[in-house]
Amino acid sequence: MSNRVIAIDGPAGSGKSSVARALAAGLGWSFLDTGAMYRAVTVEALDRGVDVHDQVAMGELAKEAQMTTLPRVRVNGRDVEDEIRSERVNIAVSVVAANALVRAQMVGRQREFAAAQPLGTVVEGRDITTVVFPNATIKIFLTASLEERARRRDDEGEASVSRRDVADSTREASPLRQADDALVLDTTGRNVDDVVEEIIQCLKLKTLS
Ligand code: DC
């Protein structure tokens, strides 16, 4: 069992998933994409006809949902990997992610997951450095220009990415914000390996000190 965590936050398209995945592979640690969890709950609600604005019903649904994110995202026994990045989910997920009852369920599962990993976990999302793992081994905040972020999310477009950023940063429940002690990295024009290398150097310094 290990509680070592590299916590990564940042807006959509800032490179969180690619960097976190490569970092976890490089270190031999586990990887947790928390956005996929909010997306999986959203798919389940849409498919069951649950109103995503109904906070209590959504909280119950999140509490009961059986969920895994690897090797593919599954909810209540269904593979929803191909569905979680669809247009209808992009639109509804920010409402689901703003629900404090849903968040409480997801945060509990994220902490349980990390506590059960043998070496360590690289976790990425929006509230990982600030709420879920405020005592993470290292905290990273990734940014990139809106133009580049929209390009990385090629089927989504600047307006949609920007709408989700505003919703994620201005909501009441655990909004996206930079932790005071996070290392801020602008990934505009940088490749994944380069960013991963910088984080590994930071981790070495931190664990040596
Ligand atoms: O990273 P992503 O685009 O897959 O995230 C999907 C949505 O979930 C997005 O609206 C932000 C939200 N989210 C969140 O509120 N907290 C997290 N820890 C992860 C994602």
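In each ligand, atom 1 is the first atom listed, and ligand 1 is the first ligand listed. The first residue of the sequence shown is numbered 1, and numbering continues consecutively from there.
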List ligand 1's nitrogen or oxygen atoms that come under 3.5 Å of a protein nitrogen or oxygen, with the partner atom and distance.
{"from": "ligand 1", "atom 1": "1 (O)", "to": "Arg126", "atom 2": "NH1", "distance (Å)": "2.9"}
{"from": "ligand 1", "atom 1": "1 (O)", "to": "Arg126", "atom 2": "NH2", "distance (Å)": "3.4"}
{"from": "ligand 1", "atom 1": "3 (O)", "to": "Arg39", "atom 2": "NH2", "distance (Å)": "3.1"}
{"from": "ligand 1", "atom 1": "3 (O)", "to": "Arg126", "atom 2": "NH2", "distance (Å)": "3.4"}
{"from": "ligand 1", "atom 1": "3 (O)", "to": "Arg153", "atom 2": "NH1", "distance (Å)": "3.2"}
{"from": "ligand 1", "atom 1": "3 (O)", "to": "Arg164", "atom 2": "NH1", "distance (Å)": "3.0"}
{"from": "ligand 1", "atom 1": "4 (O)", "to": "Arg39", "atom 2": "NE", "distance (Å)": "2.7"}
{"from": "ligand 1", "atom 1": "10 (O)", "to": "Asp168", "atom 2": "OD1", "distance (Å)": "3.0"}
{"from": "ligand 1", "atom 1": "10 (O)", "to": "Asp168", "atom 2": "OD2", "distance (Å)": "3.3"}
{"from": "ligand 1", "atom 1": "15 (O)", "to": "Arg103", "atom 2": "NH1", "distance (Å)": "2.8"}
{"from": "ligand 1", "atom 1": "15 (O)", "to": "Arg103", "atom 2": "NH2", "distance (Å)": "3.4"}
{"from": "ligand 1", "atom 1": "15 (O)", "to": "Arg171", "atom 2": "NH1", "distance (Å)": "2.8"}
{"from": "ligand 1", "atom 1": "15 (O)", "to": "Arg171", "atom 2": "NH2", "distance (Å)": "2.9"}
{"from": "ligand 1", "atom 1": "16 (N)", "to": "Arg103", "atom 2": "NH2", "distance (Å)": "2.9"}
{"from": "ligand 1", "atom 1": "18 (N)", "to": "Thr34", "atom 2": "OG1", "distance (Å)": "2.9"}
{"from": "ligand 1", "atom 1": "18 (N)", "to": "Arg126", "atom 2": "N", "distance (Å)": "3.2"}
{"from": "ligand 1", "atom 1": "18 (N)", "to": "Asp127", "atom 2": "OD1", "distance (Å)": "2.9"}

Which hydrophobic side chains are connected to Val166, either touching it within the sub-4.5 Å cutoff or through other members that do?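 Members alongside Val166: none; it stands by itself.
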
Will you find, in the side chains of Thr34 and Glu124, an N or O donor that is under 3.5 Å from an N or O acceptor?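 There is no such pair (donor and acceptor under 3.5 Å, judged by atom type) between the side chains of Thr34 and Glu124.
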
Let me check something: any side-chain donor-acceptor pairs from residues 130-137 under 3.5 Å, sequence neighbours excluded? List them with distances.
{"from": "Thr137", "atom 1": "OG1", "to": "Val5", "atom 2": "N", "distance (Å)": "3.2"}
{"from": "Thr137", "atom 1": "OG1", "to": "Val5", "atom 2": "O", "distance (Å)": "3.3"}

I'd like to know whether Arg111 forms a side-chain contact (heavy atoms from CB on, under 4.5 Å) with Val107, so could you lay out the CA-CA distance, the side-chain angles of the two residues, the decisive distance to 0.1 Å, and finally the verdict. CA-CA 6 Å; Arg111 290 180 179 147; Val107 168; 3.5 Å; yes

Hey, which of Arg72, Arg85, Lys16 is the one that makes salt bridge (Lys or Arg N to Asp or Glu O under 4.0 Å) with Asp33?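 When salt bridge (Lys or Arg N to Asp or Glu O under 4.0 Å) is applied between Asp33 and each of Arg72, Arg85, Lys16, only Arg85 qualifies.
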
Can you name the residues that form a salt bridge (Lys or Arg N to Asp or Glu O under 4.0 Å) with Arg78, not counting sequence neighbours? Glu44, Asp47

